[in-house]
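The block underneath contains the structure these notes are about, expressed in structure tokens.
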2 protein chains.
Amino acid sequence: MIEADIFKALADPTRRKVFEKLAGGSLNASALRDGLEISQPAMSQHLAVLRAAGLVREQRQGRFVNYEVDPDGIATIGTWLARYRAYWPKRVEALADLLKDMDQ
Amino acid sequence: MIEADIFKALADPTRRKVFEKLAGGSLNASALRDGLEISQPAMSQHLAVLRAAGLVREQRQGRFVNYEVDPDGIATIGTWLARYRAYWPKRVEALADLLKDMDQ
DNA sequence: GCAACACATAAGCATACACTTATGTGTCGC
DNA sequence: GCGACACATAAGTGTATGCTTATGTGTTGC
């Protein structure tokens, strides 16, 4: 069950901050530490959790490792959330429009 | 930060099962225990966590307490997920359509 | 009132988890 | 090759969390 890994990964506030940083584009592990008061090993462990959950994927570039949002994780949350569309309130109707033009 | 409570609540597999049961309609605490091998106090504690997170709301009916999905929690996840619409893969495009006609 | 019921809360305990320090692996530039 | 760098992994530790048993609160029916 990969949903378990996803929600567990997002349960940690630091990992959510990291993930939300990546929403703006790919960054390497050191850049992700900026602003967050966290040790290098701690960040490495958090990134491992996010990657294991399928929320993030990595790309080695020399001695740097670039991380970016993995669409697979997003898709899993999206399809999970779709089960509850009957309970979606009207005020979030705009969200559906946003989702519609995701590929430009 | 209510997002913290939401993701923490959904990180537990039992609570996700409970929440997914409620996707089909409201149920009382005893009915929610059916199928899940869980004690009465454990269920009560899980429901308290889900309610504190805004994922579930209760409605007393005599000595029963009916629980149902709280649209507020769903909306919070939805708006959070909207930040990542750039990474939404094409294959989940259908989800957007589902969200569009949520109010019939 | 009182017994049975539906659920909530309290207290204690075992495990999971996020951190730390220390060390390992791989790359770059000289 | 070798030192500096970017990151990963190992091992240990304090705290959070989900469970248990026991008890409390409120409702129903007699």
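By convention in this document, chain letters (A, B, ...) are assigned in the order of the sequence lines, proteins followed by strands, and residues within each chain are numbered from 1. Remember, predicted model here, so these are calculated numbers, not experimental data.
- Looking at A/R15 and B/E3, no side-chain N of the basic residue comes within less than 4.0 Å of a carboxylate O on the acidic one, giving no salt bridge.
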What pairs of donor and acceptor atoms, side-chain ones from residues 60-69 of chain B against any protein atom, are under 3.5 angstrom apart with sequence neighbours left out?
residue: B/Y67; atom: OH; partner: B/E58; partner atom: OE1; Å: 3.4
residue: B/E68; atom: OE2; partner: B/R57; partner atom: NE; Å: 2.9

Protein N or O to nucleotides 20-22 of chain C N or O, pairs below 3.5 Å:
residue: C/dT20; atom: OP2; partner: A/S39; partner atom: OG; Å: 2.9
residue: C/dT20; atom: O4; partner: A/Q45; partner atom: NE2; Å: 3.1

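- Protein atom NE2 of A/H46 is 13 Å distant from nucleotide atom P of D/dA8, rounded to whole Å.
- Listed by chain and number, the residues in a side-chain hydrogen bond (donor to acceptor under 3.5 Å, both in side chains) with A/R33 amount to none (sequence neighbours excluded).
- Hydrophobic clustering keeps B/V49 apart from B/V18 (ILVMFWY residues linked when any side-chain heavy atoms are closer than 4.5 Å, directly or through intermediates).
- For A/R15, the side-chain atoms get nearest to C/dA18 when compared with the rest of C/dA18, C/dA6, D/dC7.
- Spacing between atom CZ of B/R33 and atom P of C/dA6 amounts to 10 Å, rounded to whole angstrom units.
- If you take OH of A/Y67 and C1' of D/dA6, they are 11 Å apart, rounded to a whole angstrom.
- Across the protein-nucleic acid pair, B/E58 atom CD and C/dA6 atom P stand 17 Å apart, rounded to whole Å.
- The shortest side-chain heavy-atom distance between A/R16 and A/D12 does not fall under the 4.5 Å cut-off.
- Residue A/N28 has no polar side-chain atom (N or O) positioned under 4.0 Å from OP1 or OP2 of D/dA6.
- For the residue pair B/I77 and A/W80, the shortest heavy atom distance occurs at CD1-CZ3, 4.0 Å.
- Between the P atom of D/dT9 and the CE atom of A/M43 lies a distance of 15 Å, rounded to the nearest Å.
- Rounded to an integer number of Å, the gap from B/R51 CZ to C/dC7 C1' is 11 Å.
- Remark: A/Y87 engages no residue in a ring pair (Phe, Tyr, Trp, His ring centres under 6.0 Å) (not counting sequence neighbours).
- Looking at residues two or more places apart in sequence or on another chain, you find a side chain to side chain contact (heavy atoms under 4.5 Å, CB included) between B/A31 and B/L27, B/N28.
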In dot-bracket, 5' to 3', how would DNA chain C read with Watson-Crick or G-U wobble pairs under 3.5 Å, [ ] for crossing ones and | for pairs to another strand? ||||||||||||||||||||||||||||||
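- Between the CZ atom of B/F64 and the C1' atom of C/dA4 there is a distance of 12 Å, rounded to whole Å.
- Nearest heavy atom pair, residue B/F19 against residue B/L10, reads CD2-CD2, 4.2 Å.
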Given protein heavy atoms under 4.0 Å, the one-letter contact record of nucleotides 24-30 of chain C, with B base, S sugar-phosphate only and - none, is simply ---BS--
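- Considering only residues two or more places apart in sequence or on other chains, B/A42 meets the side chain to side chain contact (heavy atoms under 4.5 Å, CB included) condition with B/I38, B/S39.
- Separating the CG atom of A/L36 from the C1' atom of C/dA18 is a distance of 15 Å, rounded to the nearest angstrom.
- Within 6.0 Å of atom NZ in A/K21, more than 12 heavy atoms from other residues, nucleotides or ligands are found, so the atom counts as buried in its surroundings.
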